[in-house]
Amino acid sequence: MVTPVIPTDFPPHVLRQLRARQPQLWLNPSLAAAVTPSADLDSAPAQARMDRCASLLADVFPDLASSAGNVTSPLQPVPAFQQHASATPGRWFIKCDHALPVAGSVKARGGFHEVLAHAEALALAEGIIAPDDDRRALASPEARACFARHTVAVGSTGNLGLGIGMISAALGFKAVVHMSADAKEWKKARLRSRGITVVEHAGDYAQAVEAGRQLAERDNTIYFVDDERSLPLFLGYTAAAQELADQLADLNIPVDATHPLFVYIPCGVGGAPGGIAYGLKQHFGEHVHCFFAEPVAAPCMLVQLASGGDEPLSVYDIGLDNRTEADGLAVGLASPLVAPLMRQMLSGVFTIEDDALFRWAYRLKHTEDILVEPSAAAGFSGPDWLASPAAQPYLAAHGLTPHMAQATHVLWSTGGSLVPPEEHARFQARGQQLENAA
Ligand SMILES: *Cc1c(COP(=O)(O)O)cnc(C)c1O
């Protein structure tokens with residue numbers, strides 16, 4: 001294998017800070033005012049699929065009965081957290097995907113959508129359902145017998161495995177999760193307790209994905225959910241945009257030139273934040289400003305986008321090690337599907353040290369009594385970055401400087417509600433210790 005060469009136009013000061021593992025805000029020079037939605041990347045069919053499968057989900061998951069099978073999360077104002085955190089004006093909200101039912105993370109959105117799409121396709125092909133049938137028929141004994149002859153496999157550091165594993169098993173599929181060395185023990189244990197097969201790999205996330213992909217290629221009863229390349233997964237995430245738009249509208253919060261919307265989303269391989277950002281851009285255009293958050297050891301999207309091209313460039317290639325406590329974000333190479341889509345859409349990326357993740361998670365618990373996992377806290381320094389000198393050129397260029405008091409900041413909280421209490425206690429103790437030392 002040839003070692004990729006760092007492109008000569010990779011901005012030297014960005015590279016220097018990346019290598020020094022110093023948190024930074026990178027502003028995307030390729031951000032375009034208008035984005036052209038592509039016909040095959042429309043979020044409407046994904047939304048329609050989730051809608052027609054809602055009654056099915058309510059039937060197979062007791063946790064979803066109260067929401068009638070809708071996979072949605074609250075948009076929660078966090079005034080105490082905001083006041084404690086910083087002087088950044090505007091209104092802050094947490095988008096509570098850590099509380100998404102069944103999967104306990106943002107992965108419920110993309111993962112459920114892809115497995116449902118696969119189940120529909122199989123059942124249609126086998127004549128078990130007709131196109132217009134009630135999707136509750138996918139829980140019939142006939143459908144289950146069909147699914148039992150098929151396997152759904154996925155490679156994951158943890159949360160995607162939980163999401164895919166849970167829904168696949170609930171529909172009667174055999175489920176196999178290929179996990180990387182950094183996957184947490186409790187996640188493996190939980191999967192196994194649901195009858196899901198866990199295959200452990202010594203390597204990192206990309207190697208676990210590759211192993212799963214290869215096994216599936218040799219066996220046509222295995223359907224592989226490919227986190228690095230999957231369109232159905234990406235499209236499932238885009239549907240979050242309509243949900244957020246509805247929630248803001250319900251609160252009478254405008255999004256326009258004088259009421260900018262800032263969204264901060266933790267980024268691993270890029271599928272979840274990319275899908276959400278894509279959907280939001282379709283909805284709000286230039287009035288939404290999407291920023292991704294990545295650990296200083298694993299800033300794969302920043303590295304790929306700052307490289308200026310589509311030739312894969314990983315965090316290893318620039319000398320970083322991809323070792324972070326944020327297991328959901330421990331990805332060395334950005335999705336080759338998503339990175340090009342973000343090139344003109346993403347406002348920027350900021351990086352964060354692991355210690356800060358624990359401090360933010362502690363502050364959120366302390367002020368609002370919300371528990372999140374460290375990965376999910378990665379975006380919480382977003383409003384501070386926007387108030388910092390580093391962001392002023394961006395605000396000025398977009399005419400936003402006079403309007404920041406009317407800004408809405410959405411901190412996307414991506415996981416945590418399934419984390420065992422003893423793990424949360426450990427996160428909190430570490431955050432408290434760091435906070436007191438500061
Ligand atoms: C997976 C995950 C993300 C990021 O999603 P990607 O699609 O990998 O970019 C963020 N936070 C948590 C908690 C996750 O599990």
Set of side-chain contact (heavy atoms from CB on, under 4.5 Å) partners for T72, sequence neighbours left out
N70, E243
Can you name the side-chain contact (heavy atoms from CB on, under 4.5 Å) partners of I253, sequence neighbours left out?
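By the side-chain contact (heavy atoms from CB on, under 4.5 Å) rule, I253 matches R91, F93, L248, L251, T408.
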In terms of ring plane angle, is the pair [X] and [Y] parallel, tilted or perpendicular, where the classes change at 30° and 60°?
X    : Y    : answer
Y362 : H366 : parallel
Y223 : H118 : parallel
F61  : F112 : parallel

Salt bridge (charged side-chain N to carboxylate O under 4.0 Å, His left out) partners for [X], two or more places apart:
X    : answer
K365 : D369
R52  : E120
R363 : E435
D227 : none

Within-4.5 Å side-chain heavy-atom neighbours: V349 and C267:
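A side-chain contact is absent here, since even the closest heavy-atom pair is not under 4.5 Å.
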Does some side-chain heavy atom of F81 sit less than 4.5 Å from a side-chain heavy atom of F380?
yes
Could you list all the salt bridge (Lys or Arg N to Asp or Glu O under 4.0 Å) pairs where at least one residue sits in residues 398-422, not counting sequence neighbours?
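Qualifying pairs, neighbours excluded: none.
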Show every salt bridge (Lys or Arg N to Asp or Glu O under 4.0 Å) that has at least one partner inside residues 325-339, sequence neighbours left out.
K187-D327, E325-R430
Go through the structure and list residues passing side-chain hydrogen bond (donor to acceptor under 3.5 Å, both in side chains) with E228, not counting sequence neighbours.
R213
Which side-chain N or O atoms in residues 4-23 pair as donor and acceptor under 3.5 Å with protein atoms at least two apart or in another chain?
{"unit_1": "R19", "atom_1": "NE", "unit_2": "I318", "atom_2": "O", "d": "3.0"}
{"unit_1": "R21", "atom_1": "NH1", "unit_2": "D321", "atom_2": "OD1", "d": "3.3"}

Do other residues, nucleotides or ligands put more than 12 heavy atoms under 6.0 Å from the CZ atom of R323?
no
Short side-chain donor-acceptor distance under 3.5 Å, [Y] and [X]:
X    : Y    : result
Q428 : Q432 : no
H98  : E373 : no
S43  : Q242 : no

Name all pairs fulfilling the side-chain hydrogen bond (donor to acceptor under 3.5 Å, both in side chains) condition that reach into residues 307-316, sequence neighbours left out, sorted by first residue then second.
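As it turns out, the side-chain hydrogen bond (donor to acceptor under 3.5 Å, both in side chains) pairs with a partner in residues 307-316, which skip direct neighbours, are D204-Y316, D310-R343, S314-D317, Y316-N322.
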With a 3.5 Å distance limit and no angle check, can you tell me whether E294 reaches the backbone of M301 through a side-chain donor-acceptor pair?
yes
List the atom pairs, with distances to 0.1 Å, where a side-chain N or O of residues 254-264 and a protein N or O form a donor-acceptor pair under 3.5 Å, not counting sequence neighbours.
{"unit_1": "D256", "atom_1": "OD1", "unit_2": "T258", "atom_2": "N", "d": "3.0"}
{"unit_1": "D256", "atom_1": "OD1", "unit_2": "T258", "atom_2": "OG1", "d": "3.2"}
{"unit_1": "D256", "atom_1": "OD1", "unit_2": "H259", "atom_2": "N", "d": "2.9"}
{"unit_1": "D256", "atom_1": "OD1", "unit_2": "H259", "atom_2": "ND1", "d": "2.8"}
{"unit_1": "D256", "atom_1": "OD2", "unit_2": "H259", "atom_2": "ND1", "d": "3.4"}
{"unit_1": "Y264", "atom_1": "OH", "unit_2": "H409", "atom_2": "ND1", "d": "2.8"}

